[in-house]
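Throughout, a chain's letter reflects where its sequence line sits, starting with A, and its residues are numbered from 1. Values below: all heavy atoms of this structure, side chains included; hydrogens, waters and symmetry mates excluded.
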Protein chains: 2
Amino acid sequence: MDRWTVEGRNADGTQTDDGRPGGSRRPHPMVSITDVARHAGVAPSTVSYALSGKRPISEETRRRVRAAVRELGYRPHTGAGAWTGRGAKVLALVAPLRAGDARAQTVMAYALSVVAAARGHDHDVLLIMREESEDGLRRVADGAPADALIVLGAPRNARPPLLRSLGRPSVLIGSPADPTGLTCVDLDSGAAGELCVEHLAELGHRTVALVGAPPVSLGGTVHAQRVLRGFAAAAGRLGLSSSVHPCPASPAAARAVAEGLLRERPAPTGVVVHDEGVVRLLIDAFETLGQRIPDDLSVAAVRPAGLLTDARLPLSVTSAEVPAAQLGAAAVDLLIRKLNGTHVPETALLPPRLTHRASTSDRPRS
Amino acid sequence: MDRWTVEGRNADGTQTDDGRPGGSRRPHPMVSITDVARHAGVAPSTVSYALSGKRPISEETRRRVRAAVRELGYRPHTGAGAWTGRGAKVLALVAPLRAGDARAQTVMAYALSVVAAARGHDHDVLLIMREESEDGLRRVADGAPADALIVLGAPRNARPPLLRSLGRPSVLIGSPADPTGLTCVDLDSGAAGELCVEHLAELGHRTVALVGAPPVSLGGTVHAQRVLRGFAAAAGRLGLSSSVHPCPASPAAARAVAEGLLRERPAPTGVVVHDEGVVRLLIDAFETLGQRIPDDLSVAAVRPAGLLTDARLPLSVTSAEVPAAQLGAAAVDLLIRKLNGTHVPETALLPPRLTHRASTSDRPRS
DNA sequence: AGACCGCGTCGAAGCGCTTCGACTCCGCGA
DNA sequence: TCGCGGAGTCGAAGCGCTTCGACGCGGTCT
């Protein structure tokens with residue numbers, strides 16, 4: 001810090017400050033409920049009731065209290081609620097993120113919506129980061145700076161069991177392998193798969209393919225399974241020919257899958273891609289192979305919550321997705337309901353919206 | 001919510017929850033200092049002293065207390081500190097940001113560093129957004145969910161006077177017109193201007209120009225003034241010919257300035273640009289005019305904190321800047337010191353670092 | 001007329017923790 | 001031997017607020 005340039009009247013170190021802990025002057029010597037009571041000529045408890053409405057208070061008294069509150073500029077001390085049992089009115093947003101992480105953009109989108117939604121319920125948001133370890137969550141739960149937690153993504157790590165044992169309401173944004181006892185919100189990737197197929201069918205495509213992360217056909221990611229189910233169901237229902245192709249996120253694999261698809265008979269004219277990492281690779285592979293998109297081939301993507309992988313999808317890809325804003329708001333919603341003691345479902349899957357972009361078009365006349 | 005798909009054992013709405021306010025079970029019934037005291041066979045106050053070390057406690061007792069703490073998994077209830085005068089150990093990060101804001105990326109960078117730095121001082125971070133109005137800040141100050149505030153950018157609005165009157169320590173990241181009574185951290189844009197000139201001089205350039213936001217020569221932004229001072233000082237010290245050119249952030253204006261520069265005799269071979277918005281425009285203008293960068297002309301940029309304007313500078317521009325991480329950490333540092341009652345300077349300007357990129361090179365041999 | 005009820009209000013307790021004053025040892029010097 | 005002081009501990013108060021039980025008062029019911 002000694003290397004910082006110092007500017008202004010205090011550059012020489014002269015004290016202009018009052019030196020009190022806290023630094024600056026304190027024009028509001030923290031007006032308490034007792035002050036309000038005194039000013040209104042009633043008991044503190046009466047003030048409390050008048051403000052909360054938990055007991056009948058005469059209109060006259062209520063008016064006097066309100067006046068006193070206004071005149072004194074009284075604001076209940078938030079911290080008080082923290083131990084009076086009412087809760088601190090603070091939610092923790094846990095986002096495992098390191099400096100320079102490419103997911104920062106996405107996390108910010110969630111943070112924005114979570115903060116906005118939380119404010120709508122009169123809560124503030126505590127930002128917890130880099131705390132993948134048990135310790136970060138424990139700290140929040142035991143130390144109780146927050147009443148409840150929203151945890152972003154990363155379903156693979158050890159958090160789910162930990163969350164269950166925290167003893168504090170929480171909502172997970174994402175889909176862990178075993179959501180038992182948790183509350184989760186996520187993209188309804190099954191519906192997203194269906195939506196993509198329906199979209200392709202409407203465009204006239206009769207043969208479609210699903211390309212996804214490796215274990216797309218086996219018991220892979222929860223998402224992969226759901227997408228597969230949705231894809232298959234929709235294809236069956238609409239009477240389309242369909243095939244499924246697992247595809248690791250490597251250029252070589254994408255190339256191989258692309259070649260395979262082109263060799264199929266009947267050749268698919270519409271492709272649904274799951275796993276964002278693969279989308280770009282697959283499109284590149286197709287273009288290398290001389291396919292024009294969307295003229296020869298339509299491509300639609302299913303985008304999961306978008307936290308785990310780099311969120312930079314080519315803008316022009318038609319995709320079924322849920323905006324981070326909605327997921328964040330939904331998470332807060334559920335969390336507030338849990339705080340109120342309302343029962344909430346284990347998993348809430350938000351319906352995707354299909355965003356129609358440049359990568360899909362009518363079936364090529366063959 | 002009725003439109004959400006619900007999945008899992010509770011899809012039918014069956015209660016498996018215990019319905020207690022708070023939702024999930026609570027395996028840790030909030031072990032308090034009294035529990036620890038009882039378990040260790042001492043008085044609560046003794047536990048407090050044993051843990052804080054504020055009074056002499058026998059080694060024996062201290063050991064028993066520590067054991068009890070460990071066995072019971074005791075963690076002091078954070079909220080308690082909030083009113084016991086110790087502070088809640090929470091900093092508020094105030095970032096005026098709306099959904100979809102392009103500055104999200106930048107804000108996230110600050111948030112990351114602020115959270116990390118705050119954790120280093122055993123503090124948590126409360127995220128406040130969209131609260132440009134007086135109300136957001138007032139709420140934090142009066143309700144006291146946070147001990148102190150870090151306010152990001154936007155020096156133009158009405159916040160500075162408000163901050164002064166809040167009665168809570170705060171640090172502003174950015175440079176308001178009048179920093180009196182505040183504490184601010186920012187890029188040392190004067191030094192940044194010098195650095196750019198020195199860099200150009202080292203490369204052999206003998207004639208340099210400064211292009212910046214409109215009032216670069218008059219009493220404009222604090223930054224603009226500082227850059228100008230630094231630029232002029234360095235140019236004078238190094239014996240370079242120099243000129244200064246205000247330039248609004250419009251393509252036409254950039255074009256005009258570029259043409260003017262090329263007509264000058266001696267013609268500048270090195271250009272220092274302040275105001276990120278102008279950088280791209282000016283480079284475009286030069287290229288349109290047939291100038292190659294850096295072969296014909298070297299361009300170096302001064303980047304302010306980067307909060308107010310879109311931060312997406314072309315990656316290839318040599319620039320003098322301060323990483324958000326450092327600014328965030330510095331802000332936390334100052335804030336913690338204020339909380340400790342230490343006196344801190346009014347303005348701390350962080351030394352820029354010159355990042356050498358593709359837009360500058362040796363003076364063209366003429 | 002007396003018993004009862006309930007509205008509106010008050011006082012006090014208590015949440016988890018820190019802190020201040022007080023109290024008890026014990027060892028030391030006078 | 002007594003007194004003194006320091007080390008080590010305890011008890012109680014108090015932070016700002018909610019909440020529970022109680023109380024007074026005016027009106028109703030019998």
Residues which pass side chain to side chain donor-acceptor pair (under 3.5 Å) with A/Thr46, listed by chain and number, not counting sequence neighbours | none
Rounded interatomic separation in angstrom, taking NZ from B/Lys89 and C1' from C/dC17 = 14 Å
Non-hydrogen atoms of B/Ile173 and B/Gly328 that approach each other most closely = CD1-CA, 4.3 Å
With sequence neighbours left out, write down each residue that passes side chain to side chain donor-acceptor pair (under 3.5 Å) with A/Arg55, or none if nothing qualifies.
-> none
Stems involving DNA chain D, each a run of at least 3 consecutive Watson-Crick or G-U pairs under 3.5 Å = C:1-30 with D:1-30
Rounded to the nearest Å, what distance is computed from the CZ atom of residue B/Arg63 to the P atom of nucleotide D/dT9?
-> 12 Å
Whole angstrom is fine here: how far is it from CZ in A/Arg38 over to C1' in D/dC17?
-> 15 Å
Only counting residues at least two apart or in another chain, list the ones meeting side chain to side chain contact (heavy atoms under 4.5 Å, CB included) with A/Ala88.
-> A/Ala82, A/Val90, A/Asp147
Heavy-atom pair with the smallest gap, counting every atom of A/Tyr74 and A/Ile33 | CE1-N, 3.6 Å
Can you list the residues that meet the side chain to side chain donor-acceptor pair (under 3.5 Å) rule with A/Thr78, with sequence neighbours excluded?
-> none
Of all heavy-atom pairs between A/Val107 and A/Ala95, which one has the smallest distance, and what is that distance?
-> CG1-CB, 3.8 Å
Atom CE of A/Met30 and atom C1' of D/dC17: how far apart are they, to the nearest Å?
-> 13 Å
N/O donor to acceptor pairs below 3.5 angstrom from side-chain atoms of residues 59-69 of chain B, sequence neighbours left out:
| unit_1 | atom_1 | unit_2 | atom_2 | d |
| --- | --- | --- | --- | --- |
| B/Glu59 | OE2 | B/Arg66 | NH2 | 3.4 |
| B/Glu60 | OE1 | B/Arg63 | NH2 | 2.4 |
| B/Glu60 | OE2 | B/Arg64 | NH1 | 3.2 |
| B/Thr61 | OG1 | B/Ser58 | OG | 2.8 |
| B/Arg62 | NH2 | B/Ile57 | O | 3.0 |
| B/Arg64 | NE | B/Ala40 | O | 3.1 |
| B/Arg64 | NH2 | B/Ala40 | O | 3.0 |

Protein N or O to nucleotides 6-8 of chain D N or O, pairs below 3.5 Å:
none

Rounded to the nearest Å, what distance is computed from the CD1 atom of residue B/Ile33 to the P atom of nucleotide D/dA12?
-> 17 Å
Which listed nucleotide (D/dT19, D/dT18, D/dA12) is nearest to the side chain of B/Ser45?
-> D/dA12
Validation row: B/Leu163, B/Arg168 side chains within 4.5 angstrom (heavy atoms) = no
Check side chain to side chain donor-acceptor pair (under 3.5 Å) between A/Arg75 and all other residues, then give those that pass, not counting sequence neighbours.
-> none
So, A/Thr180 versus A/Asp178: side-chain donor-acceptor pair below 3.5 Å or not?
-> yes
Residue-level proximity of residues 46-54 of chain A to DNA chain C when a heavy atom falls under 4.0 Å = A/Thr46, A/Tyr49
